[in-house]
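Working notes, structure below.
Keep in mind that the numbers below use all heavy atoms, side chains included, and drop hydrogens, waters and symmetry copies. We number each residue from 1, following the sequence as shown.
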Amino acid sequence: MNKTDLPEIQYTVWPADLHGHRFQVKLHIANPNPDGQIVQMPAWIPGSYLIRDFSKHIETIEAFTAHGAKKKLVLERIDNDQWLLPRVNGAVNILTTVYAFDNSVRAAYLDTERAFFNPTSLCLAVKGQENISCSLAIASPDNVCAEHWTVQTSLRVAKTDGRGFGFYLAQNYDDLIDHPVAMGEFQMVQWKSNNTSHSMAIQGCIHPIDAARLASDLQAICSSTINLFEPKTKRSPFTNYLFLVNAVLNGYGGLEHRNSTALLCRRDQIPQKNNPLDEASYREFLGLCSHEYFHAWLVKRIQPKAFQPYALGNRNYTSLLWLFEGFTSYYDDLQLFRSKRIDLNTYLKLVADNWNGVLRGPGRFKQSLADSSFDAWTKYYQADENTPNIVVSYYGKGALLALGLDLQIRAFSRDKKSLDDLMRLIWQKHGATLDGISENGLDELIFELLGQGFINSWNEIKSRYIFGTEDIPLQKWITSKLISVKTKTQTNLERIKLQLGMRHTDSNGWLKVTHVLDGGAAQSAGLAPGDLLANINGQRITSARLDKVLSSLSENQGLNLSFYRDDLEHERFLILAPSQLPAQYELIPAKTNSK
């Protein structure tokens with residue numbers, strides 16, 4: 001590729017120091033603003049709503065003229081994220097060294113085993129020139145550890161070698177940051193869903209993966225999702241799609257992108273040949289794949305208007321995350337069922353588990369779904385010991401809202417319409433056109449689908465369950481003869497734990513309290529996060545002994561509780577009462593409930 005073919009904005013990334021975990025990055029600006037060019041590092045990454053201040057990982061930053069004597073330029077620091085170049089004629093280069101040791105899907109990582117980065121962690125934006133095309137050159141590490149490394153990314157190839165090192169192109173800065181890059185040694189899975197090429201690049205597995213099983217399951221899930229949005233054309237909105245998977249000892253998460261996703265999972269969640277597989281853990285991994293893949297439509301193409309464009313220097317507020325994340329959370333497991341990756345019993349248990357989890361959270365009485373979405377930056381993403389008491393998950397309750405709305409649409413239309421039809425209408429109006437949804441934009445789409453006769457029902461749903469804090473009454477709305485709703489049968493141990501309302505962890509042999517839930521017996525006894533439990537009714541409490549001791553208790557029984565706070569011993573008396581139990585349900589297919 002000739003230099004004359006390169007765009008005016010050029011990035012070059014070197015995995016320079018594998019042992020010290022440092023990337024070196026050169027930003028070439030062909031035509032900087034003659035009055036002084038500002039460059040900026042993003043403060044957050046789209047899809048993860050927390051100010052992360054990626055600039056804190058920049059160790060050094062220098063600027064030089066790009067031609068002739070290459071004179072060093074003085075960079076003026078404007079704030080944490082921005083630098084100002086002096087007035088200069090001609091092209092400039094900005095060189096940065098960036099520390100990278102974040103093993104999540106959100107930032108950058110480099111060691112002797114693998115490299116990964118989101119461009120939001122390495123690539124400075126050229127203010128005022130974000131909309132012009134740019135290139136990314138990825139250099140091969142000069143280290144014997146990396147001699148077999150290849151590059152995996154969904155960026156458009158310009159000119160690369162056989163291992164993928166070389167030049168890539170992006171339409172603009174927003175396009176550039178929407179393609180994570182992974183380097184290392186991979187096990188590959190490839191398949192086609194509706195004639196669209198898909199691949200999965202997996203790092204971290206010790207044994208050979210079961211590529212045939214992964215391809216079969218993922219092909220079914222991806223095809224089901226494409227068909228949901230485009231039942232007639234069966235076309236995806238991309239020409240290829242890439243799953244980047246980092247398999248580790250402990251970890252879980254994903255981040256969506258337009259033509260790819262970055263996933264973090266445990267090694268034991270990946271099917272590997274001659275290695276026992278926990279099917280429930282594998283199902284969880286498939287659910288993660290399904291969730292992030294669904295985001296290629298809902299979030300990456302169908303977006304809140306508040307995200308158009310992303311303002312990566314500050315928080316972007318919307319009250320619609322219950323729609324974008326909650327509805328995706330409803331469909332991720334539903335697509336597993338529709339693609340026949342799980343059976344009905346398993347699917348209903350997943351729905352019930354989420355429902356019961358939401359009902360166990362006291363925060364649902366204090367925070368609405370709309371507020372949960374708006375406050376994600378400061379509450380959901382900055383959880384502390386009091387979070388369960390003040391926050392409701394827009395993922396969990398949002399998924400219940402999607403199910404409830406689906407049931408209401410079906411009931412209103414006498415099964416002629418469903419939430420699927422609403423999703424397709426949203427896609428036609430806002431996805432294919434990339435026209436963002438306003439904060440009240442769902443109203444007109446629902447009325448277009450169902451007519452004005454649904455206005456009272458929708459307004460009630462909004463006031464009570466989206467902007468209000470009432471529980472979504474699925475036990476009333478599920479009226480199908482094929483599925484019954486029952487109060488969940490619980491063991492004595494399960495009831496006791498729910499009545500206590502306490503979460504804990506093991507700390508050097510002690511049982512350490514991490515959360516105390518509003519309304520539970522633990523709170524009424526005066527327990528607080530950080531307390532170390534010593535005994536109940538004279539019996540020593542440890543993580544290993546807790547279940548045995550609790551199983552011996554009964555409702556309305558008085559308990560003497562001993563614990564340490566700040567190395568001082570305290571004793572409390574409490575009573576377990578039925579009023580401390582939250583409602584819990586189970587969903588049962590009719591065929592297994594014939595008696």
Side-chain angles (χ1 to χ4, degrees), residues 7-17 20-46 48-102 104 106-110 117-132 134-137 139 170 172-174 176-177 181 309-317 377-378 381-382:
E8 295 179 357
I9 305 295
Q10 303 161 24
Y11 299 90
T12 305
V13 171
W14 291 274
D17 183 0
H21 321 293
R22 294 178 178 92
F23 285 100
Q24 288 185 348
V25 184
K26 181 176 77 172
L27 165 58
H28 176 82
I29 309 172
N31 295 298
N33 187 330
D35 293 326
Q37 179 65 61
I38 295 175
V39 294
Q40 181 176 22
M41 183 68 84
W44 63 284
I45 182 170
S48 185
Y49 308 108
L50 177 68
I51 297 296
R52 299 187 183 275
D53 291 318
F54 294 121
S55 62
K56 66 186 177 184
H57 296 301
I58 295 178
E59 293 187 347
T60 64
I61 180 168
E62 296 178 301
F64 302 87
T65 56
H67 303 298
K70 297 184 179 180
K71 175 184 175 183
K72 186 173 182 178
L73 303 172
V74 176
L75 277 171
E76 178 185 346
R77 190 72 177 266
I78 299 175
D79 55 27
N80 286 341
D81 305 321
Q82 298 184 95
W83 292 260
L84 174 65
L85 280 164
R87 295 185 177 185
V88 63
N89 292 320
V92 300
N93 290 327
I94 299 177
L95 304 177
T96 54
T97 302
V98 183
Y99 179 74
F101 204 60
D102 183 333
S104 74
R106 300 176 296 266
Y109 183 89
L110 179 63
F117 67 88
N118 288 286
T120 42
S121 293
L122 301 186
C123 298
L124 295 159
V126 182
K127 298 288 286 184
Q129 300 189 44
E130 297 96 335
N131 291 326
I132 68 175
C134 55
S135 65
L136 174 65
N172 48 41
Y173 186 76
D174 181 68
L176 173 74
I177 65 173
V181 176
Y310 290 112
L312 298 177
N314 51 265
R315 298 167 180 153
N316 293 190
Y317 294 101
W377 299 87
T378 55
Y381 270 89
Q382 297 191 58

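- Contact between Leu110 and Phe101 at its shortest, heavy atoms only, is O-CD1, 4.1 Å.
- The structure places CG of Leu27 at 5.0 Å from OH of Tyr11, a figure rounded to the nearest 0.5 Å.
- Among pairs with a residue in residues 75-87, those fulfilling side chain to side chain donor-acceptor pair (under 3.5 Å) read Ser55-Asp81, Asp79-Gln82, at least two apart in sequence or across chains.
- The aromatic rings of His21 and Tyr99 lie perpendicular to each other, with more than 60° between the two planes, well past the 30° mark.
- Judged purely by atom type and a 3.5 angstrom limit, Ser104 uses its side chain to pair as donor or acceptor with the backbone of Arg106.
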Only pairs under 3.5 Å count here: list side-chain donor-acceptor contacts from residues 62-72, not counting sequence neighbours, and write none if there are none.
from  : atom 1 : to    : atom 2 : distance (Å)
Glu62 : OE2    : Lys72 : NZ     : 3.1
Thr65 : OG1    : Lys71 : N      : 2.6

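- Applying the salt bridge (charged side-chain N to carboxylate O under 4.0 Å, His left out) rule to Arg22 yields the partners Asp17, Glu59; only residues at least two apart in sequence or on another chain are considered.
- Of all heavy-atom pairs between Thr96 and Leu122, the closest is OG1-O, 4.5 Å.
- What you find for Ser135 and Pro7 is that their closest heavy atoms are CB-CD, 3.7 Å.
- Between Ile94 and Leu85 the shortest side-chain heavy-atom distance falls below 4.5 Å.
- One distance of note links CG of Asn118 with OG of Ser48; it measures 10.0 Å at 0.5 Å rounding.
- A pairwise comparison of heavy atoms in Ala311 and Trp44 identifies O-NE1, 3.1 Å as the closest pair.
- By the side-chain contact (heavy atoms from CB on, under 4.5 Å) test, Thr12 is found to be paired with Trp14, Lys26, Ala137, residues two or more places apart in sequence or in another chain being considered.
- Under the side-chain contact (heavy atoms from CB on, under 4.5 Å) criterion, Tyr317 pairs with Arg315, Phe374, Trp377, sequence neighbours left out.
- If you take CG on Leu84 and CD1 on Ile78, they are separated by 5.0 Å, rounding to the nearest 0.5 Å.
- Distance check, rounded to the nearest 0.5 Å: NE2 of His57 to CG of Asp102 gives 6.5 Å.
- Ring pair Phe23/Phe117 is perpendicular by interplanar angle, where above 60° counts as perpendicular and below 30° as parallel.
- Between Met41 and Ser121 the shortest heavy-atom distance is CE-O, 3.7 Å.
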**Report entry** Verdict with supporting geometry, Glu130 and Asp174, side chain to side chain contact (heavy atoms under 4.5 Å, CB included)
**Finding:** CA-CA 7 Å; Glu130 297 96 335; Asp174 181 68; over 6 Å; no
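- Within the 3.5 Å criterion, the main-chain N or O of Ile132 finds no donor-acceptor partner in the side chain of Asn172.
- Interatomic distance, Ile51 CD1 to Leu312 CG, rounded to the nearest 0.5 Å: 9.0 Å.
- Residue pairs meeting the side chain to side chain donor-acceptor pair (under 3.5 Å) criterion with at least one member in residues 27-38, sequence neighbours excluded: Glu8-Asn31, His28-Asn93, Gln37-Gln129.
- A heavy-atom distance below 4.5 Å is not found between the side chains of Val25 and Leu95.
- Atom CG in Leu136 sits 6.0 Å away from atom SG in Cys123 (nearest 0.5 Å).
- Smallest separation of non-hydrogen atoms from Pro119 and Leu176: CG-O, 3.3 Å.
- Of the residues listed (Ile38, Ile29, Ile61), the one engaging Leu124 in a side-chain contact (heavy atoms from CB on, under 4.5 Å) is Ile61, and it is the only one.
- With a 4.5 Å cut-off on side-chain heavy atoms, Phe54 and Ile45 count as touching.
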